[in-house]
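The analysis underlying the following values was restricted to heavy atoms, covering all of them including side chains, and did not include hydrogens, waters or symmetry mates.
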Amino acid sequence: MSDANSGWSYVSIEKTGRVAVVRYDRGDRVNALSLRGIRELTEAAEWIRADHDIFSVALVGGETAFSAGRDLKDPEMDARRNAPLLQRRYVAGAGARLCRAWSELEQFTAAGIEGFAIGGGLALAVATDYRVLGRSAHLRAPEAALGLSMSWGSVPRLVNLVGPARAKQILIHANDRISAEDALAWGLAQEIVDDGQAAAAAIAAAQKAAEIPPVAARMIKRAVDAYANALADAVIHMDTDQVLLAESGADHLEAVDAFLAKRDPTFTGA
């Protein structure tokens, strides 16, 4: 599909009948979300939105990882730190635009998760309609442990899926892994399959959705989302600015330095 993939390095789209399979794969074991990868995934969602022959979508990662989240070593991400505030704010909102593009797709979306979905990877996964996990896959939201707030519009989506108490547990117990079994029990996943089968199961879920008359399916999805997200904008309208504020704190710098140096951090609230 050269018309969809022109200029993309990490994202591919394959259409099978009425189903589109979007694969994000950087060819390594962590599959982190660089700014380039975020842009490509956003463009993929926008491309799919305009293709009325696509009734449903499967979103999958690499063989060993869905995504480790934001790429902390992305040189393009580092370059923005000395840019004017207006530019920094735009770049900081890239993840929110990505997740909004996927959550607002009219087509049914299913994510196949192998290995892990961490941070921004989890935020992207919960922006889809259906999540399948490999049996040994896990989820985690480490932002608070890195001195950051959870952003990308994911807080209302998490609350909708698991409720406020579990959402607080997931976000504040930020170093705890959520197993596939717990993800299923809590409502973060709808299906667990054997390792290596998550992509196939997500495609099967998308194919099942594609058998439903598309107008009816889209109206139902829109109605559910409208009810579930009625107050979402009141919660997330400042989440990009919260990230910018948190990034300016000493605790975030300490957390990143400790992470890269593989040592225990010392937080002061600064």
Side-chain angles (χ1 to χ4, degrees), residues 10-14 19-34 37-38 40-42 44-45 48 56-71 95 98-99 101-103 105 107-143 150 152-155 157-158 160-162 166-167 169-171 174-209:
Y10 308 135
V11 174
S12 63
I13 300 178
E14 180 180 354
V19 176
V21 180
V22 179
R23 183 176 299 276
Y24 178 71
D25 190 356
R26 294 184 64 177
D28 58 28
R29 63 184 182 84
V30 296
N31 219 30
L33 288 162
S34 63
I38 289 170
E40 291 181 7
L41 280 166
T42 305
I48 288 166
S56 61
V57 187
L59 173 63
V60 300
E63 293 182 0
T64 60
F66 183 75
S67 177
R70 194 178 81 173
D71 186 353
L98 163 66
C99 293
W102 277 88
S103 69
L105 278 175
Q107 295 97 330
F108 178 88
T109 56
I113 299 169
E114 297 284 359
F116 45 77
I118 299 174
L122 175 59
L124 177 58
V126 299
T128 64
D129 302 315
Y130 191 98
R131 285 155 298 283
V132 183
L133 269 65
R135 199 166 302 280
S136 33
H138 68 272
L139 310 174
R140 188 161 62 89
E143 276 71 12
M150 188 66 177
W152 295 21
S154 56
V155 171
R157 297 182 187 115
L158 282 170
N160 286 339
L161 290 169
V162 304
R166 286 290 189 198
Q169 177 184 352
I170 291 166
L171 297 174
N175 290 318
D176 286 357
R177 292 184 174 187
I178 304 160
S179 67
E181 290 77 12
D182 282 343
L184 183 66
W186 296 358
L188 282 170
Q190 286 100 318
E191 192 176 348
I192 298 174
V193 295
D194 289 339
D195 291 340
Q197 297 302 310
I203 293 168
Q207 289 172 334
K208 185 181 292 188

*Where is the tightest heavy-atom contact between G134 and I192, given as atom of each residue plus distance?*
C-CG2, 4.5 Å

*Pairwise distance CD(Q169) to CG(D182) - rounded to 0.5 angstrom*: 8.5 Å

*Going from OG1 on T128 to CH2 on W102, what distance comes out if it is rounded to the nearest 0.5 angstrom?*
8.5 Å

*Looking only at non-hydrogen atoms, find the nearest pair between D28 and V30 and report the distance.*
OD1-N, 3.1 Å

_Could you measure the distance from the CG atom of D71 to the CZ atom of R26? Nearest 0.5 Å is fine._
5.0 Å

*asked:* Are L171 and V155 packed together at the side-chain level, in the sense that at least one heavy-atom pair is separated by less than 4.5 angstrom?
replied: yes

_Nearest heavy-atom neighbours spanning A137 and E114_ = CB-C, 4.2 Å

*Which distance, rounded to the nearest 0.5 Å, do you find between the CG of L158 and the CZ of R166?*
13.0 Å

*Supply the atom-to-atom distance L105 CG to S56 OG, rounded to the nearest 0.5 angstrom.*
11.0 Å

*Verdict with reasoning, I203 to E14, per side chain to side chain contact (heavy atoms under 4.5 Å, CB included)*: CA-CA 11 Å; I203 293 168; E14 180 180 354; over 6 Å; no

_Please find the pair of heavy atoms, one from D129 and one from Q107, that lie closest to each other, and give the distance._
OD2-O, 3.7 Å

*Residues that R157 engages under salt bridge (charged side-chain N to carboxylate O under 4.0 Å, His left out), provided they are two or more places apart*: none

*Are L133 and F66 side-chain neighbours, meaning at least one heavy-atom pair lies under 4.5 Å?*
no

*Hey, does I170 have a side-chain heavy atom less than 4.5 Å from the side chain of W186?*
yes

*State, to 0.1 Å, how close I178 and A183 come at their nearest heavy-atom pair, and which atoms those are.*
CG2-N, 3.8 Å

_For D194, is there an ion pair with R135 - N to carboxylate O distance below 4.0 angstrom?_
yes

*Q190 atom CD: more than 12 heavy-atom contacts under 6.0 Å*: yes

*Would you mind reporting whether L122 and S154 have side-chain heavy atoms less than 4.5 Å apart?*
no

*asked:* Would you compute the distance between atom CG of L59 and atom CD1 of I113 and round it to the nearest 0.5 angstrom?
replied: 8.5 Å

*Check for a donor-acceptor pair, side chain of R70 on one end and backbone N or O of G119 on the other, with a separation under 3.5 Å.*
no

*asked:* Is there a side-chain contact between V132 and Y130 in this structure, where contact means two heavy atoms from C-beta onward sitting under 4.5 Å apart?
replied: yes

*What is the minimum heavy-atom distance between E191 and L184, and which atoms define it?*
N-CD1, 3.7 Å

*Quick one: do S67 and N31 satisfy side-chain hydrogen bond (donor to acceptor under 3.5 Å, both in side chains)? Show the steps, please.*
CA-CA 5 Å; S67 177; N31 219 30; 5.6 Å; no

_L33 and W152, any side-chain heavy atoms less than 4.5 Å apart_ = yes

*asked:* Classify the ring geometry of H138 against F116: parallel below 30°, tilted from 30° to 60°, perpendicular beyond 60°.
replied: tilted

